**Student:** 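Sharing a structure below in structure tokens format, with a few things to ask.
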Amino acid sequence: MDQVALPLTTLRSRLPALLRILEAGLVERRPIVRLCLLTALAGEHSLLIGPPGTAKSELARRLHAIFRDARYFERLLTRFSVPEELFGPLSIKALEEDRYERHTAGFLPDASVAFIDEVFKANSAILNALLTLLNEREFDNGAGRQRCPLITAIGATNEVPEDEVAEAFFDRFLTRIPVDSVSPAAFAALLRTDTASAWKAPAREDTLAAEDIVALAAAAAAVSLPEVVIATLADLRAQFVADQVYVSDRRWVKIVALLRVAAASEGRAAVGLWDLLLLPWITAPDAPRQENVAAWLQNRLGVREAFSPPRLTRVVEAFQAQLDAELQANDLDYDESGRLRFSAEQVADQIGDAKGGSAALRMTYARKRRYGACHIGARTAQIDDLLARIATYVAELAAQRGDLAAYRAGSLWLDDALAERVDGHLAATAEAIAGLRERALAARVGFESLPRLPEDDGQTPEPVAVEPLDTP
């Protein structure tokens, strides 16, 4: 793939080390850490959805240390929280001058990275102020608007309430990540975690400076969006409509922006097809629907619907059915002189014979139909065309698997579990296609073995009616 030129080279070289630092000592948190950092690099916000005690706040504290000179703000909200806890106390001096302003230094409007726990427990006044701050990086302070240096906010919640204000606020978090307790398989590793050893932040020279973020944003703006990616996103949007899942136009625009940042941070000049494996967490709102998106991607990426095993199975079965029909077909029986052959032997035991009717000559009909060279050649030529298309598709599948393997080796952000599922689907598809190729070959042999006429009659049959393989 084309490479993005400097000045991103140094950023690209530092990101793997920074990710290792972020992940150090955290059990089964690798995908979450990477999604949060990518979201921050895109200038967006993450929402962690899960029970307490699953390292959500620890992740946010570590993330803030990745950004040079970043100011950190953290607060646990309750239904009794007041705006002063997030936005700062009112200025007494300003009140004496008949102005309504806050001291925001050290509070959320002054923060670069923020962690807001139980974020949906805030009252509507706080949520409305947060909407502006998260979306526009501005805070209404008295009669004026204060520009905020916020890079990213990480919210945490156990559940997402369903009301109009909460839904609008929920949509401000581009990435929604379910966070569960560690799995039984990783429980032993969790118990062996050395909690006594303090986590060490990266050296200042290794952290991400403001100019790094500006350079990344500029490079991302130049990343192209191939037609195949646009088409896949359009298909997914249609699937959301069918499933009655609403994804706002604003979110689609931000999704593409994040995909561009992912590509730029890995030195690519175009969004790749495999970048779409990030979609479950930036499109669907909750874990069940994210799993639906993951399954959709698993079945869609890297394969062509026109050559799907079910569709190709119907094509091969059409040839097999035609072969069976032609094998079973009877024909009028002619003798060597070209006259219809008559026989009395085949009906002698099948009719009443009181008057010796069985002795009468009757036209025989039991001979299997025979075919000319043109007929058989037309059938095998049609199967040869099918086999050539299958061979091309098998090579295409192999190339897709190779491309995915190369992407997995170099990607910083890919969820490896989902990539493994996609690769498994490609492998299973290739195996199914290979089995169908064998069935098509057997049908070809069957047509070649049809009973033949002594001489070709020059008759070419109509092609076997099958679904077209060139259209989706």
Side-chain angles (χ1 to χ4, degrees), residues 1-19 21-22 33-46 63-71 110-114 132-138 145-154 172-175 202-230 233 249-279 281-283 407 410-414:
M1 297 180 178
D2 295 336
Q3 301 295 305
V4 175
L6 291 173
L8 281 181
T9 304
T10 58
L11 172 63
R12 176 68 179 86
S13 64
R14 280 179 288 153
L15 282 175
L18 289 174
L19 285 168
I21 291 173
L22 278 173
V33 166
R34 292 178 182 241
L35 280 172
C36 285
L37 178 56
L38 175 60
T39 304
L41 292 176
E44 295 295 338
H45 314 295
S46 302
L63 187 64
H64 120 267
I66 295 298
F67 295 94
R68 191 175 304 171
D69 302 326
R71 290 186 292 275
D110 189 43
S112 305
V113 177
T132 303
L133 200 156
L134 297 187
N135 200 44
E136 303 175 28
R137 264 66 169 186
E138 290 184 339
R145 272 205 162 187
Q146 175 183 336
R147 189 66 186 165
C148 303
L150 186 67
I151 298 172
T152 187
I154 297 178
R172 295 303 191 273
F173 293 96
L174 181 62
T175 309
R204 175 179 169 78
E205 59 271 21
D206 294 328
T207 56
L208 303 178
E211 52 267 30
D212 292 319
I213 307 303
V214 171
L216 178 60
V223 169
S224 64
L225 196 65
E227 287 298 324
V228 64
V229 172
I230 294 175
L233 290 173
D249 291 346
R250 174 182 58 215
R251 175 167 291 273
W252 283 113
V253 171
K254 290 186 174 184
I255 286 169
V256 169
L258 183 139
L259 295 177
R260 284 191 163 114
V261 168
S265 66
E266 294 177 350
R268 290 181 280 114
V271 174
L273 191 65
W274 309 118
D275 288 325
L276 301 184
L277 294 176
L278 293 166
L279 290 178
W281 298 275
I282 53 179
T283 53
Y407 181 89
S411 175
L412 296 172
W413 318 114
L414 183 63

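Because the structure is predicted, anything quoted here is derived from the model rather than measured. We're numbering straight along the sequence, starting at 1.
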**Student:** Looking at side-chain heavy atoms only, is the closest gap between Trp413 and Val261 below 4.5 Å?
**Tutor:**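 A side-chain contact under 4.5 Å is absent here.
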
**Student:** Can you list the residues that meet the side-chain hydrogen bond (donor to acceptor under 3.5 Å, both in side chains) rule with His45, with sequence neighbours excluded?
**Tutor:**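 By the side-chain hydrogen bond (donor to acceptor under 3.5 Å, both in side chains) rule, His45 matches Arg137.
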
**Student:** With the side chain counted from C-beta on, respond yes when Leu276 and Leu259 share a heavy-atom pair under 4.5 Å apart, and no when they do not.
**Tutor:**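 SC-SC contact between Leu276 and Leu259 confirmed.
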
**Student:** Apply side chain to side chain contact (heavy atoms under 4.5 Å, CB included) to Ile213 and list each qualifying residue two or more places apart in sequence or on a separate chain.
**Tutor:**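 Once residues adjacent in sequence are excluded, the partners of Ile213 under the side chain to side chain contact (heavy atoms under 4.5 Å, CB included) criterion are Leu41, Phe67, Leu208.
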
**Student:** Is any side-chain heavy atom of Leu38 closer than 4.5 Å to one of Thr175?
**Tutor:**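 Thr175 does not reach Leu38 side chain to side chain.
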
**Student:** Write out all pairs satisfying salt bridge (charged side-chain N to carboxylate O under 4.0 Å, His left out) with one or both partners inside residues 269-279, taking only residues at least two apart or from two chains.
**Tutor:**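 Non-adjacent pairs meeting salt bridge (charged side-chain N to carboxylate O under 4.0 Å, His left out): Arg268-Asp275.
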
**Student:** For Val113 versus Ala70, what's the shortest heavy-atom pair and its separation?
**Tutor:**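 Smallest interatomic distance, heavy atoms only, reads CG2-CB, 4.5 Å.
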
**Student:** Suppose we screen for side chain to side chain contact (heavy atoms under 4.5 Å, CB included). Which residues come up paired with Leu225, at least two apart in sequence or across chains?
**Tutor:**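 Leu225: side chain to side chain contact (heavy atoms under 4.5 Å, CB included) contacts with Val229, Ile230, Val256, Arg260, Val271.
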
**Student:** Going by the rule side-chain hydrogen bond (donor to acceptor under 3.5 Å, both in side chains), which residues pair with Thr152 if we only count those two or more places apart in sequence or in a different chain?
**Tutor:**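 side-chain hydrogen bond (donor to acceptor under 3.5 Å, both in side chains) list for Thr152, sorted by chain: empty.
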
**Student:** Side-chain contact, heavy-atom cut-off 4.5 Å: Ser46 with Leu35?
**Tutor:**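 A side-chain contact is absent here, since even the closest heavy-atom pair is not under 4.5 Å.
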
**Student:** Who are the side-chain hydrogen bond (donor to acceptor under 3.5 Å, both in side chains) partners of Thr207, not counting sequence neighbours?
**Tutor:**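 Thr207 satisfies side-chain hydrogen bond (donor to acceptor under 3.5 Å, both in side chains) with Arg68 once adjacent residues are dropped.
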
**Student:** Look up atom NZ in Lys254 and atom CG in Leu174, then write down how far apart they are to the nearest 0.5 Å.
**Tutor:**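 Going from the NZ atom of Lys254 to the CG atom of Leu174 covers 7.0 Å.
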
**Student:** Mind listing the closest non-hydrogen atom pair of Ala65 and Pro202 along with its distance?
**Tutor:**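 For Ala65 versus Pro202, the nearest heavy atoms are O-CG, 3.9 Å.
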
**Student:** With a 4.5 Å heavy-atom cut-off, do Leu22 and Arg34 have their side chains touching?
**Tutor:**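 Leu22 vs Arg34: side chains apart.
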
**Student:** How far apart are the C-alpha atoms of Asp212 and Leu216, what are their side-chain angles, what is the distance that settles it, and do they pass the side-chain contact (heavy atoms from CB on, under 4.5 Å) test?
**Tutor:** CA-CA 6 Å; Asp212 292 319; Leu216 178 60; over 6 Å; no

**Student:** Among residues at least two apart in sequence or on other chains, which ones pass side chain to side chain contact (heavy atoms under 4.5 Å, CB included) with Thr132?
**Tutor:**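 Side chain to side chain contact (heavy atoms under 4.5 Å, CB included) list for Thr132, sorted by chain: Glu136, Arg145.
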
**Student:** Could you state the interatomic distance from OG (Ser265) to CG (Leu37), rounded to the nearest 0.5 Å?
**Tutor:**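 Separation between the atoms: 8.5 Å.
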
**Student:** List in chain and number order the residues that pass salt bridge (charged side-chain N to carboxylate O under 4.0 Å, His left out) with Glu211, two or more places apart in sequence or in another chain; answer none if no residue qualifies.
**Tutor:**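 Result, salt bridge (charged side-chain N to carboxylate O under 4.0 Å, His left out) vs Glu211: none returned.
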
**Student:** Ignoring hydrogens, what is the shortest heavy-atom contact between Ile282 and Arg251? Give both atom names and the distance.
**Tutor:**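 Where Ile282 meets Arg251 most closely, the heavy atoms are O-NH1, 3.1 Å.
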
**Student:** When you measure from the side chain of Glu266 to the backbone of Leu412, do you find a donor-acceptor pair of N or O atoms at a distance under 3.5 Å?
**Tutor:**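 Checked: pair present.
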
**Student:** Side-chain contact, heavy-atom cut-off 4.5 Å: Glu138 with Arg147?
**Tutor:**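 Yes, at least one pair of side-chain atoms sits under 4.5 Å.
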
**Student:** Can you find a pair of side-chain heavy atoms, one from Glu205 and one from Arg14, that are under 4.5 Å apart?
**Tutor:**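 Side chain of Glu205 against side chain of Arg14, heavy atoms only: no contact under 4.5 Å found.
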
**Student:** Quick one: pull up CG in Leu277 and CG in Leu414 and give me the separation to the nearest 0.5 Å.
**Tutor:**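 The distance works out to 5.5 Å.
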
**Student:** Can a side-chain donor-acceptor contact be found between Trp281 and Thr39 if the only test is distance below 3.5 angstrom?
**Tutor:**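 The criterion, which ignores hydrogens and geometry beyond distance, is not satisfied for Trp281 and Thr39.
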
**Student:** With sequence neighbours excluded, what pairs up with Arg71 under the side-chain hydrogen bond (donor to acceptor under 3.5 Å, both in side chains) test?
**Tutor:**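 Arg71 satisfies side-chain hydrogen bond (donor to acceptor under 3.5 Å, both in side chains) with Asp110 once adjacent residues are dropped.
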
